[in-house]
Amino acid sequence: TALPICRWLRKLSQQVVLPIEHPSGQFNPRTRPRVVSKRLAGIRHKLLILSGKGGVGKSTISTQLAHHLSQKGYQVGLLDIDICGPSVPRMTGCQGESIHQSSSGWSPVYINDHLSVMSVGLLVENEDTAIIWRGPKKNGLIKQFLSDVDWGDLDFLLVDTPPGTSDEHLSAIQFFQASNRDGAIVVTTPQEVSLLDVRKELDFCKKVKIPVLGLIENMSEFICPQCKCSSQLFPPTTGGAQSLALELGIPLLGSLPIDTQIGKACDKGEPLVDDTPGLRALHAVGTKIIELCNATESDE
C-alpha cells in the first residue's frame with residue numbers, strides 16, 4: 001500500500017528536532033546500528049562513491065556503473081544520499097515514481113529486475129523543490145535509508161554521496177561500520193584544483209578507517225567523435241590521478257573520457273548502450289571493481 005511519505009517529508013522539513021521513527025513505531029538509538037547491520041546483511045558488497053570536489057561526475061559514474069553491473073546479471077542497489085542535490089532519479093529515469101511502505105520497510109524503486117534505487121528525490125512531489133535542512137535532519141533521513149529500506153539480497157549497493165567530508169558522509173560511515181563494507185571509490189578530474197580536494201577526501205577515508213579501493217579519473221580527455229583526435233580539456237598539470245595514485249599507493253581503476261553520449265543517456269534516464277570510448281572505459285572500470293570486490297570477499 002502506498003503511504004503518504006511525501007506528507008511525512010514535508011512535516012519533517014518543518015520541524016526543528018528530527019524524530020526518527022522505526023516502522024514498528026519504536027526507536028532506540030542504541031539499537032540503530034544493529035538494525036542497520038541486520039537490514040544490510042543480505043548485501044555482499046557495499047561501495048561508497050566519494051570525491052572531495054563537486055562536479056566531477058560521481059552521480060554519472062554511480063548511475064552508469066549500476067546499469068553496467070545490473071546488465072551483467074548482478075543484483076544492484078543504488079542509494080543516493082545527496083540530500084540537497086539528488087540527481088539519481090533523473091539519471092535513472094524514475095523521477096515521479098512513488099515510494100511504498102510495507103511491514104518489511106520502504107520499498108526502493110525498481111528500474112529493472114536487477115536494479116533498484118532510493119533517493120530523497122523520490123520523496124518529494126516536485127523535483128524542483130529545494131530541500132533546506134541542517135545536519136541533524138540530513139543525518140536522520142540517511143539513517144532511515146540505511147535501516148528502513150528493504151533492499152533484499154543484493155550483490156552490490158552503490159552509495160552516491162555529495163561532495164565534501166561533512167554530515168552525510170559521517171552518518172553513512174557511522175552506520176556502515178555496523179556492517180561489513182568493501183570501501184570507497186574516489187572520483188576526480190585531472191586538474192590540480194580537483195586533486196587538491198580529493199587529497200582531503202583520501203585523508204578523511206584514512207581517519208575514519210574506510211579502505212579506498214581505487215581512484216577513477218573522469219573527464220581525462222575528449223575524443224572527437226568525427227576525427228577521433230584526443231584533446232585534454234583539463235590538463236593534468238601535476239600529473240593527474242595517475243600521479244596521485246602512485247604517490248599514495250592507491251589503485252587507479254581507470255580514466256574515463258568526456259563522452260557526449262553519456263551526458264545524453266543520463267539526461268534521458270537510460271543506460272549508455274552505444275559502443276563509445278566512454279562505454280568501453282566504463283566497462284573496464286566495472287570489471288576491475290568486480291575483481292577487487294571478489295578478492296576482498298575471498299580474503300574474508
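Computed over heavy atoms, backbone and side chain alike; hydrogens, waters and symmetry mates excluded. Please read these numbers as outputs of a predicted model, since none were measured by experiment.
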Residues Lys264, Asp267: salt bridge by 4.0 Å N-O rule:
no

Is there a path from Ile223 to Leu272 through hydrophobic residues (I, L, V, M, F, W, Y) whose side chains come within less than 4.5 Å of each other?
no

Is the count of non-hydrogen atoms from other residues, nucleotides or ligands lying under 6.0 Å from Gln242 atom CD greater than 12?
no

Classify the side-chain pair Ser59/Asp160 by whether it contains a donor and acceptor separated by less than 3.5 Å.
yes

Check whether Thr189 reaches the backbone of Gln191 with its side chain - one donor and one acceptor, N or O, closer than 3.5 Å.
no

Checking Asn218 side chain against Val56 main chain: does a donor-acceptor pair fall under 3.5 Å?
yes

One pair to check against side chain to side chain contact (heavy atoms under 4.5 Å, CB included): Val76 and Asp155. What are the steps and the verdict?
CA-CA 6 Å; Val76 182; Asp155 295 301; 5.8 Å; no

If only atom types and distance count, is the side chain of Ser171 paired as donor or acceptor with the main-chain N or O of Asp167 below 3.5 Å?
no

Pairs where residues 85-108 contributes a residue and the test salt bridge (charged side-chain N to carboxylate O under 4.0 Å, His left out) is met, not counting sequence neighbours:
Arg90-Glu127

Would the distance check show the side chain of Ser147 and the main-chain N or O of Val36 forming a donor-acceptor pair, the cut-off being under 3.5 Å?
no

Does Trp106 offer a backbone N or O that forms a donor-acceptor pair with the side chain of Gln101 under 3.5 Å?
no

Is it true that a side-chain atom of Ser51 and a backbone atom of Val186 form a donor plus acceptor pair closer than 3.5 Å?
no

So, Gln75 side chain and Leu154 main chain: donor-acceptor pair closer than 3.5 Å or not?
no

Output yes when a side-chain donor or acceptor of His169 lies under 3.5 Å from a complementary backbone atom of Gly164, and no otherwise.
yes

Could you walk me through whether Phe145 and Asp80 pass the side chain to side chain contact (heavy atoms under 4.5 Å, CB included) test, one step at a time?
CA-CA 9 Å; Phe145 281 161; Asp80 180 3; over 6 Å; no

Short side-chain to backbone donor-acceptor contact, Lys209 and Lys206, under 3.5 Å
no

Not counting sequence neighbours, list each pair that qualifies as a side-chain hydrogen bond (donor to acceptor under 3.5 Å, both in side chains) and has a residue in residues 275-285.
His68-His283, Asp259-Thr276, Asp275-Arg280

Is there a side-chain contact between Ser70 and Phe156 (heavy atoms, below 4.5 Å)?
no

Decide side chain to side chain contact (heavy atoms under 4.5 Å, CB included) for Leu292 and Asp182; before the verdict, give the C-alpha distance in whole Å, the side-chain angles of both, and the deciding distance to 0.1 Å.
CA-CA 9 Å; Leu292 283 170; Asp182 291 79; over 6 Å; no

Hey, does the side chain of Asp203 reach the backbone of Arg199 with a donor-acceptor pair shorter than 3.5 angstrom?
no

